[in-house]
Structure formats: structure tokens, C-alpha cells
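Since the structure comes first, as C-alpha cells, the remarks are kept for the end.
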Amino acid sequence: MSTTNLLNGRKTLIQEEDPGMNLRRLYIGFATRPFGVKCFMASVFGSLVVFFLLSELSIDRLHYLKLRAWSLSGNQLNVRDREVGPSKRKAWNSRPLAKPSKRFAILAEMDVIAKWSELEIMHRCFLNPADNSTGSCNVLCPEQGTTIELTITSNVKGFRGADAAIFGLSPFTLLKSVTKLMKYSTNIPPNQTAVLYSMESPLRVHKWIHRIGELRYHTDLTYLPGADISVPYAYYKPGSFENTFERKANYAEGKTGLIAWMGSNCAKEVFWPRMEFIEELGRHLQLDTYGKCGQLTCLPRLSPKCVNLIGAYKFYLAFENSECREYITEKFWESCLLNGVVPVVYGAPKEDFQRLAPPNSYIHVSDFESVKELAQYIRKVDQSDELYNKFFEWRSHGSVVVKYPKMQPSYFCRILPFLPGNKGMSGTTQIKNSNWFNSCRGKITRRFNISQVPTLKAWRAWKLGVNDYIGGF
């Protein structure tokens with residue numbers, strides 16, 4: 001029977017059998033023709049080539065593009081990443097583009113890092129989602145055109161062979177290792193950069209580790225704008241509109257509470273009479289207090305539920321635990337400014353807020369001679385929607401850019417210019433002589449004891465150059 005007859009026969013079958021089956025038979029029929037066979041083989045070969053190219057793209061190039069996009073977007077987690085568990089989430093740096101050129105060793109412990117919500121992304125970087133094992137974290141540094149390897153070590157011995165040795169990420173690990181670290185810091189290898197890391201105030205770190213001031217380092221990574229590597233909690237960017245604020249004619253509308261405060265650090269690690277101040281303020285107006293130090297509860301801390309709860313109030317007490325320069329944490333930036341709440345602030349002096357914060361976005365304690373006077377002003381603003389809305393005018397002129405408390409692995413790329421042989425490299429400095437260590441009210445002269453904190457009656461709000469603690473801490 002000729003090929004034509006076969007095809008005719010198949011045309012007849014098409015009317016009688018399943019359409020899908022007949023189409024496949026028709027394709028096979030065409031493929032049996034001499035020219036069809038060549039086309040068929042060419043299509044198979046072409047498909048294999050395309051499949052190979054796409055496989056290579058998905059493995060390496062797509063990974064590079066993913067990391068590049070991650071870097072350019074500020075390394076922020078998307079909503080989907082927050083909602084799924086580690087076992088369902090692929091590590092963003094699981095396939096680095098190139099072999100790491102530098103290794104940075106971080107003094108810390110994985111079980112400690114896992115407990116800190118601030119280090120959630122760091123923890124995920126070291127975690128293998130396939131079996132929850134831990135290993136090194138490879139980070140693409142697009143600006144420097146290289147890849148670095150981050151490793152965790154619970155012992156100073158782990159610094160050996162590393163290009164940079166970082167301590168302070170886990171203060172509790174630092175406390176256990178301080179004796180060996182003292183010895184290390186007196187004889188740092190010439191081919192290694194020692195990096196001081198701290199997102200806590202020096203008063204609090206010194207309370208934990210009273211010998212911290214004796215350690216030596218080359219480069220610091222802190223929240224201070226003047227640090228070698230500055231990672232502020234956030235900053236105000238005039239002329240930028242990165243925040244998608246809901247524009248309201250009246251920001252007082254819908255508020256169900258007057259003023260709130262959340263706290264779990266009541267007195268043991270607070271270096272001014274904060275609790276006395278809050279209790280006194282509560283005698284003059286309706287103040288809702290949450291957490292271990294309050295009468296109400298909201299858990300887990302920093303959860304969306306608690307942040308939304310704060311948003312129901314007109315005012316929030318963004319009181320830091322320490323009176324230290326430029327120490328302005330997420331209490332101010334995220335809990336208040338990004339949440340549509342007016343912050344009542346204290347910790348850093350007013351001059352720092354004037355320089356770093358959105359204009360007219362806060363109420364600073366130092367502007368008032370007494371707690372009673374502050375309470376009277378809060379009530380005045382509460383009773384005038386016009387006054388209240390003035391605290392939100394900055395939203396039409398700029399944005400708040402958040403950098404912390406979600407510590408990003410990519411921040412460590414900025415250590416590269418400070419490695420030996422580079423222009424940023426300098427000699428060692430004792431921590432007690434650093435700008436960070438000396439950024440607080442009064443000098444840190446001895447290990448902190450709660451008896452050193454003055455009573456509210458003897459205390460005056462910090463103004464630069466005025467009423468400093470003569471004796472220090």
C-alpha cells in the first residue's frame with residue numbers, strides 16, 4: 001500500500017477514534033516520510049540544545065539575576081518568604097555564581113542566632129532547608145564583583161585563616177570567649193581584619209561584658225552614621241517616595257487609644273529612670289502598657305499583630321534603654337513612623353533627631369520641664385486634629401528606609417575595602433577609645449549597677465553639654 005493510501009486510511013480513522021489519539025498517529029505518519037524524518041530528528045536535537053541552554057540559565061544565570069535583584073531591592077523579604085517555613089523555602093544564596101574569594105569568620109552560635117528575630121535572615125543564610133543542617137553562607141557582592149563566604153565559629157580558633165574576624169554579633173558568645181579574645185586582639189594576624197559589630201548601645205554591652213573596652217579592632221560595624229561601616233536602624237530620605245503610605249485627610253480618624261508603651265526590659269538593663277518616668281506619665285493621662293513591664297499583653301513581640309495594635313493609638317513612647325548619641329531604634333522608625341503613630345521619644349538627644357529624623361515627626365522629652373508638662377502637651381495635640389496632622393506632613397516630602405533589625409548577609413560585603421592591602425585598612429584601636437564606646441551620656445568608667453541610675457526626682461532630660469552625669473557609669 002502506498003504512503004498516500006496509508007494517510008488516507010488514517011484520515012478515515014480520525015473520524016472514528018479519539019481525536020487526541022488520531023492526532024498523535026497523524027504526527028507519526030508524517031514523521032515516517034523521508035523529509036519528515038529529517039525534520040523530526042532536527043526538532044529533537046534542537047529541543048535538546050534549548051533544554052540544555054535553559055538548564056544552564058536556570059542554574060547559574062538565573063541565580064545571579066536573583067541575587068542581583070535581591071541586592072538592588074535592599075534584600076527585603078517578600079510576604080511569601082515570611083509565611084512559609086524553612087523546610088519549604090530555598091536559600092537565596094544556595095548556588096553562588098563563583099567560588100568565594102574571601103572568607104569572613106563570625107564569632108557566634110547558631111542556636112543563639114536562631115532565637116533572635118533580628119538575625120532571622122542571617123540564620124536562614126546558614127541553614128540548608130533540605131535537612132536543616134548548617135554550613136557556610138556564600139554572599140554575592142555585586143558592587144565589588146566578588147563572592148564572600150561567611151562562616152560561624154563558637155571559638156576564637158575559628159578565626160584562623162579568615163580574611164576578617166567579626167565579633168559582637170552574639171554578645172553571649174562574646175562573653176564566653178572574652179578571655180581568649182583578649183589574647184587574640186593583642187596579636188591579630190597581619191593578613192586579617194578584626195571587626196567590631198554592635199547594634200546595641202555600649203552601656204548595655206559593657207554591662208554584659210565589662211572587659212569589652214580592652215579589646216582591639218581595626219574596623220567597626222555599628223548603627224552610628226560615622227562608623228566605618230554604618231548600618232542604621234533606618235534613615236529619612238527627603239525627596240524619595242519609596243513608602244506607599246495611605247494618604248489620609250485626617251490621621252487622627254479611627255484611633256481608638258491615646259498612648260501606649262511596650263517593654264520587656266524593665267530596669268536591670270535600663271540606664272535612666274525610664275520606668276519611673278512612664279509610671280509618672282500614667283498618673284496624668286490614660287497610658288496603656290504592654291509586655292513584661294506593663295499591665296497588658298501582646299505576643300510575640302515585634303509581630304504584625306503587635307505592630308498593628310500600636311497603630312490603633314495616637315501616640316507611642318519610643319523610649320530607648322540608654323541615653324546614647326544616634327541610638328534610634330525600630331521603636332521610632334517602624335513601630336511609629338511607618339505605622340501612622342506619633343512617637344514621644346527619648347534616648348538620643350534632640351539634636352540627633354533634628355539631624356536624622358523626618359522634620360516635625362516626633363515629640364522629644366527634653367522640650368519639657370516636667371512629666372506633667374509633657375502630659376499637658378500630649379492632651380493638647382490629642383484635642384486638635386489640626387495639630388495632630390502636622391506630625392504627618394513629612395510623608396509628602398520623603399520616605400523612611402529601613403536597614404535593621406533584619407540584618408542582611410550582604411551588609412558584610414562592605415568589609416572588603418577594609419581588608420589588609422586596601423585603602424580602608426588602618427591600625428588597631430581599643431574599643432574604649434572608639435566613638436561607639438564614648439557615645440553615651442557620661443563616661444563608662446565601671447561596671448554598671450542599677451544603684452547608679454538616678455531617681456526621677458534627681459534626673460533631668462539629656463541636652464548636649466548640659467546635665468551630663470559627672471561620675472559616669
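- Here the side chains of D367 and Y377 are not in contact, with every heavy-atom distance at 4.5 Å or above.
- Atom CG of D288 has more than 12 heavy atoms from other residues, nucleotides or ligands within 6.0 Å.
- Remark: K390 NZ is loosely packed, at most 12 non-hydrogen atoms of other residues, nucleotides or ligands lying under 6.0 Å away.
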* Under the salt bridge (charged side-chain N to carboxylate O under 4.0 Å, His left out) criterion, do K248 and E253 qualify, and how do the steps go? -> CA-CA 9 Å; K248 295 182 179 179; E253 187 176 354; over 6 Å; no
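- Considering only heavy atoms from C-beta on, C306 stays 4.5 Å or farther from Y290 through its side chain.
- Residues L416 and N422 come closest through the heavy atom pair O-ND2, 2.7 Å.
- Salt-bridge annotation for E320 and K331: present, with a side-chain N of the basic residue lying under 4.0 Å from a carboxylate O of the acidic one.
- With Q383 contributing its side chain and K380 its backbone, the two residues share no donor-acceptor pair below 3.5 Å.
- Of the N and O atoms on the side chains of E149 and S136, at least one donor lies less than 3.5 Å from an acceptor on the other residue.
- Using a 4.5 Å heavy-atom threshold, the side chains of V381 and V342 count as separate.
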* Asked: What do the steps show when you test Y184 against F159 for ring pair (Phe, Tyr, Trp, His ring centres under 6.0 Å), and what is the final call?
  -> CA-CA 9 Å; Y184 158 82; F159 287 164; 5.2 Å; yes
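- By the 4.5 Å heavy-atom criterion applied to side chains, V195 and F167 are not counted as neighbours.
- Remark: the backbone N or O of A130 is paired with a side-chain donor or acceptor of N128 at under 3.5 angstrom.
- Side-chain contact between L337 and F332 is present, with at least one heavy-atom pair separated by less than 4.5 Å.
- For Q144 against C413, the heavy-atom pair with the smallest separation is NE2-O, 3.5 Å.
- R379 places a side-chain N or O within 3.5 Å of a backbone atom of H284 that can act as its donor or acceptor partner.
- Here W436 and Y217 keep their ring centres 6.0 angstrom or further from each other.
- Between K406 and E120, at least one side-chain nitrogen of the basic residue sits less than 4.0 Å from a carboxylate oxygen of the acidic one, meeting the salt-bridge criterion.
- Under 3.5 Å, the side chains of Y233 and E326 contain no donor-acceptor pair of N or O atoms.
- Between the side chains of E200 and W208, no donor N or O sits under 3.5 Å from an acceptor N or O.
- For F412 and F104, the gap between ring centers reaches or exceeds 6.0 Å.
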* Under the side chain to side chain contact (heavy atoms under 4.5 Å, CB included) criterion, do I363 and V345 qualify, and how do the steps go? -> CA-CA 6 Å; I363 299 170; V345 302; over 6 Å; no
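- Judged by distance alone, the side chain of N449 and the main-chain N or O of S451 form a donor-acceptor pair under 3.5 Å.
- Note: Y223 and Y404 fail the aromatic proximity criterion, with ring centroids not under 6.0 Å apart.
- Ring planes of F353 and Y362: tilted class, angle from 30 to 60°.
- In plain terms, the two heavy atoms of W333 and A357 that are nearest each other are CH2-CA, 4.1 Å.
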* To do: List the steps and the verdict of side chain to side chain contact (heavy atoms under 4.5 Å, CB included) for I259 and L285.
  => CA-CA 9 Å; I259 186 168; L285 44 73; 3.6 Å; yes
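- Side chains of T147 and K102 form no contact here, defined as non-hydrogen atoms less than 4.5 Å apart.
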* Hey, mind stepping through L387 and D385 against side chain to side chain contact (heavy atoms under 4.5 Å, CB included) and telling me if it holds? -> CA-CA 5 Å; L387 286 178; D385 288 353; over 6 Å; no
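- Of the listed residues (F277, W261, F271, Y327), just one forms a ring-ring contact (aromatic ring centres under 6.0 Å, His included) with F319, and that residue is F277.
- When atom types are taken as modelled, the side chain of H218 and the backbone of T193 share no donor-acceptor pair closer than 3.5 angstrom.
- Note: D228 CG to T222 OG1 = 8.5 Å, rounded to the nearest 0.5 Å.
- When only modelled atom types and interatomic distance are considered, R103 and T151 share a side-chain donor-acceptor pair under 3.5 Å.
- A distance of 5.0 Å separates CG in L169 from CG in L119, rounded to the nearest 0.5 Å.
- There is no side-chain donor-acceptor pair under 3.5 Å between T153 and N155.
- For the pair Y236 and S399, the tightest heavy-atom approach, listed with the atom from each and the gap, is CD1-O, 3.3 Å.
- Put simply, the residue from T429, T428, N433 that forms a side chain to side chain donor-acceptor pair (under 3.5 Å) with R216 is T428.
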* **Check against salt bridge (charged side-chain N to carboxylate O under 4.0 Å, His left out), E109 and K176** => CA-CA 11 Å; E109 296 163 87; K176 292 194 297 184; 3.0 Å; yes
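- You'll find the side chain of Y388 stays beyond 4.5 Å of the side chain of D382, heavy atoms only.
- Formation of a donor-acceptor pair under 3.5 Å by the S177 side chain with backbone atoms of T173 is found in this model.
- Residue F448 holds its CZ atom at 9.0 Å from OG of S322, rounded to the nearest 0.5 Å.
- For the pair R204 and N265, the minimum side-chain heavy-atom distance is below 4.5 Å.
- No salt bridge links E276 with K457; every basic N to acidic carboxylate O contact stays at or beyond 4.0 Å.
- Classification of E280 and K372 as a salt-bridged pair fails, no side-chain N sitting under 4.0 Å from a carboxylate O.
- Checking side-chain atoms of D220 against main-chain N and O of A227 turns up no donor-acceptor pair under 3.5 Å.
- N321 contributes no side-chain N or O that, together with a main-chain N or O of V270, makes up a donor-acceptor pair within less than 3.5 Å.
- Side-chain atoms of W272 never come within 3.5 Å of backbone atoms of W462 as a donor-acceptor pair (strictly under, hydrogens ignored).
- Residues A105 and G158 approach most closely at CB-O, 3.7 Å, considering heavy atoms.
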* Asked: Hey, mind stepping through K255 and Y313 against side chain to side chain contact (heavy atoms under 4.5 Å, CB included) and telling me if it holds?
  -> CA-CA 6 Å; K255 301 287 186 179; Y313 289 85; 6.0 Å; no
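- Nearest heavy atom pair, residue V139 against residue P409, reads CG2-CB, 3.7 Å.
- Between the side chain of D352 and the backbone N or O of A348 there is no donor-acceptor pair closer than 3.5 Å.
- Separating the CG atom in L174 from the OG atom in S170 is a distance of 8.0 Å, to the nearest 0.5 Å.
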